[in-house]
4 protein chains.
Amino acid sequence: MSRETVGMIFEAAVKVFAERGFDRAKMDDIAREAGVAKGTIYYHFTSKDELFTALMNHGLQKMKEYVRRRMDEVKQPTLKLRGLLEAEVSYLFQHGTFAKLLLAEVWSSNERQYEFRAHIHELESIIREVLEVGIQEGDFREINATETSIAIFGAMSVTVLQEVFRDIHLSGEELANTRTTPVVDMLEMLLHQGILKN
Amino acid sequence: MSRETVGMIFEAAVKVFAERGFDRAKMDDIAREAGVAKGTIYYHFTSKDELFTALMNHGLQKMKEYVRRRMDEVKQPTLKLRGLLEAEVSYLFQHGTFAKLLLAEVWSSNERQYEFRAHIHELESIIREVLEVGIQEGDFREINATETSIAIFGAMSVTVLQEVFRDIHLSGEELANTRTTPVVDMLEMLLHQGILKN
Amino acid sequence: MSRETVGMIFEAAVKVFAERGFDRAKMDDIAREAGVAKGTIYYHFTSKDELFTALMNHGLQKMKEYVRRRMDEVKQPTLKLRGLLEAEVSYLFQHGTFAKLLLAEVWSSNERQYEFRAHIHELESIIREVLEVGIQEGDFREINATETSIAIFGAMSVTVLQEVFRDIHLSGEELANTRTTPVVDMLEMLLHQGILKN
Amino acid sequence: MSRETVGMIFEAAVKVFAERGFDRAKMDDIAREAGVAKGTIYYHFTSKDELFTALMNHGLQKMKEYVRRRMDEVKQPTLKLRGLLEAEVSYLFQHGTFAKLLLAEVWSSNERQYEFRAHIHELESIIREVLEVGIQEGDFREINATETSIAIFGAMSVTVLQEVFRDIHLSGEELANTRTTPVVDMLEMLLHQGILKN
DNA sequence: TATGAATGAGTTTTCATTCAT
DNA sequence: GATGAATGAAAACTCATTCAT
């Protein structure tokens, strides 16, 4: 049963944390949502903080795996960048609650943040690696790969979040299906060629 | 004394809210920081929420004014975009605490968020307007101005935030002086010409 | 101006105290209602408690005077009791807010209560005196005047209060004009002849 | 333990509320008196208001049951009225704290009051029913049963309260044993035959 | 493993009172 | 006499965490 119980707590926690943010989320609500007693959560996690961290680590791990897997299918840098964007955008659309949590809590100031930002850095690193290879192979300009990767991550994540909030009634599945391509098209156009006419 | 008292509370509140985030900020700390009694805050603001909202509205108003003022100095769209970025980046560097608050709390889910996002939309609109003029005048490609402005806002703000966190020991003044130009250069290069080699 | 200011505070205080009860009444509300600054109340009364006590003493004094005056017009004990009831009922109807205050706060437990109950005793004494004269003059039975006067006061005041609450939309004037006679008739019938058929 | 804990909170609450009145009663005191932590009260009752309402509803329910039970033992209207008075007087003497609360808070103005007065009306209704039967069976005069029942309730309750306050050092048990009969005698004499000599 | 009643430190908010002008 | 900004003690309420069952 353990696996199942932990799973239900996880699901409930993502939902409640995303709805309310870390501080306004109550262990009571998570317990109710998960259909277990409050004590049960504490049997599996030592604290609210630990639960949250476990949650985010799990989510980020999954996201990184998903992105890496999808990217390994493509080789050419230009296409690789598109594949990467497609993977991240689609993942965040599918897990909108997780996306909210990600952006809302990275900037919140406390101990947790360090661990968090490390994870974000990893996501940025994936972008950076693609950029570096592209530069080396002569596909991309001699840009600052680190800074540019951060900017790209910002452009991508904020765009996704805006859409998630705008179409709050759509399911993650629907959002991912209908909005991924337009968003990635926009980003690709912007990133590849810039906005200048020639 | 009223003006002065409210001013001190404002300053103290920005600081404490930025250090801890809305939920972890204590009215006690704000009062101590402002050098007034806790009751005094409640004499001027009906609640913690009202104080926070007043604060953010004030900050966003100031930011918008600053940006608009700096932009009116430039006419040509290409240069105008640079002026805009320079203004926003420099403002956020100078008011790093406000910047943190801005990004951390927009995505946090509660009643406040709506008012907030409306302000963010205004900031995005400033970018959008520049894009639209640029498109009309033939300087920019036929891009989707709305979506692109969001992406640009994301790229800009996330980049600034990362730097603020990285160089946490630098004052806003120092950050603005040393980092504005490199960051704007990077963004301009990215946005103008994209990353493709030719 | 002093007389006027104190008068306005008095009026406002009766209203607010009656609406909310002593503890829930705020000095702020009284000040606003009176159209003066909060400090002004403290210039004239040393404390909320003193204001309240002054108020009640004043009200009870007025009531006693009113009752005694109306009663001196009648001589015969039987008619005197009716006159007394008429006076009290009519006064309480006209000053419904005061009546509420009277009954609600006599039983509230704190230091004030002693002074209060002393006043109530005086009101009961007026009844008792009438009963005693009536007994002596052979008009009334050999009843326990003290206890009976309390019972009569209870019957009268609770009846009035019920009507005040029931017809909450009527003005004191209207209530006094339309309800005094029926209520006094009922009480007189009850007290004079009892409910037994013969 | 639940039953016991709630019971202890109830007992403590009646005591503290009666000693201080609703507004001056502190949850801290109730908790101390009950020997539980403050949070425990909030685990069982959502607010001070809810605790108070639960308390009064419980008390009034008990009182009504007690009165109805004792009255069902008597059939003849004249005796029934005495039985009713005996039951109410004796109950209020035994639960003097509850009696104080009852009279002090019915007239205090807030949301609670409506629920309260509804209960009081029920107590008055019990009296009214007895009067109506008595009138129908020819034992009582053709009085207005509704208004008279209110007056009787007022006479009875105010009399009891006065005694409770006068002999503040006596236990409820002692008061009920020694004072019930004299008080009921007085009331019965007054109500049955009135005060006129013939 | 799972439960949920109990805890108490921590927080927001209220409001009578003061006092410099 | 009158003002109203400032105060701070007091109170209600919250909620992560514990622990006996």
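Every value quoted in this text rests on a predicted model; they were computed, and no experiment measured them. Worth knowing before you read on, the calculation uses all heavy atoms, side chains too, and leaves out hydrogens, waters and symmetry mates. Convention: sequence-line order gives letters A, B, ...; per-chain numbering from 1.
Toward the 5' end of DNA chain E, the nearer of the two residues D:A37 and C:T46, judged by each one's closest nucleotide, is D:A37. DNA chain F is contacted by both A:D28 and B:I41; B:I41 maps to the nucleotide lying nearer its 5′ end (nearest heavy atom per residue). For D:K48 and D:G39, each mapped to the nucleotide of DNA chain F holding its nearest heavy atom, the one lying further toward the 5' end belongs to D:K48.
Formation of a donor-acceptor pair under 3.5 Å by the D:K100 side chain with backbone atoms of D:G21 is not found in this model. B:K48 places a side-chain N or O within donor-acceptor distance of the main-chain N or O of B:F22, the cut-off being under 3.5 Å.
In this structure, NZ of C:K26 is placed 8 Å from C1' of E:dT14, rounded to the nearest angstrom. In this structure, CE of C:M27 is placed 14 Å from P of F:dT3, rounded to the nearest angstrom. Nucleotide F:dA2 holds its P atom 12 Å from the CE atom of C:M8, rounded to whole Å.
One finds no side-chain N or O of C:T40 lying less than 4.0 angstrom from the OP1 or OP2 phosphate oxygen of F:dG1. One finds no side-chain N or O of B:Y42 lying less than 4.0 angstrom from the OP1 or OP2 phosphate oxygen of E:dT14. In this structure, C:T5 reaches the F:dA2 phosphate: one of its side-chain N or O atoms is under 4.0 Å from OP1 or OP2. B:K38 has no side-chain polar atom (N or O) that falls below the 4.0 Å cut-off from OP1 or OP2 of F:dG8.
Using a 4.5 Å cut-off on side-chain heavy atoms (C-beta onward), D:L161 and D:L102 make no contact.
Closest heavy-atom contact between C:L51 and C:A13: CD2-CB, 4.1 Å. The minimum heavy-atom distance linking D:A54 with D:F45 is given by the pair CB-CE2, 4.1 Å.
Taking only side-chain atoms of D:V36, from C-beta outward, the nucleotide of E:dT12, E:dT7, F:dA16 with the closest atom is E:dT7.
DNA chain F forms stems at E:2-21 with F:2-21, each a run of 3 or more consecutive Watson-Crick or G-U wobble pairs whose two key distances fall under 3.5 Å.
Among the heavy atoms of the strands, none lies under 4.0 Å from B:A31.
In this structure, the separation between CD1 on C:I30 and OG1 on C:T40 is 13.0 Å, given to the nearest 0.5 Å.
Residue A:E122 places its CD atom among more than 12 non-hydrogen atoms of other residues, nucleotides or ligands, all under 6.0 Å distant.
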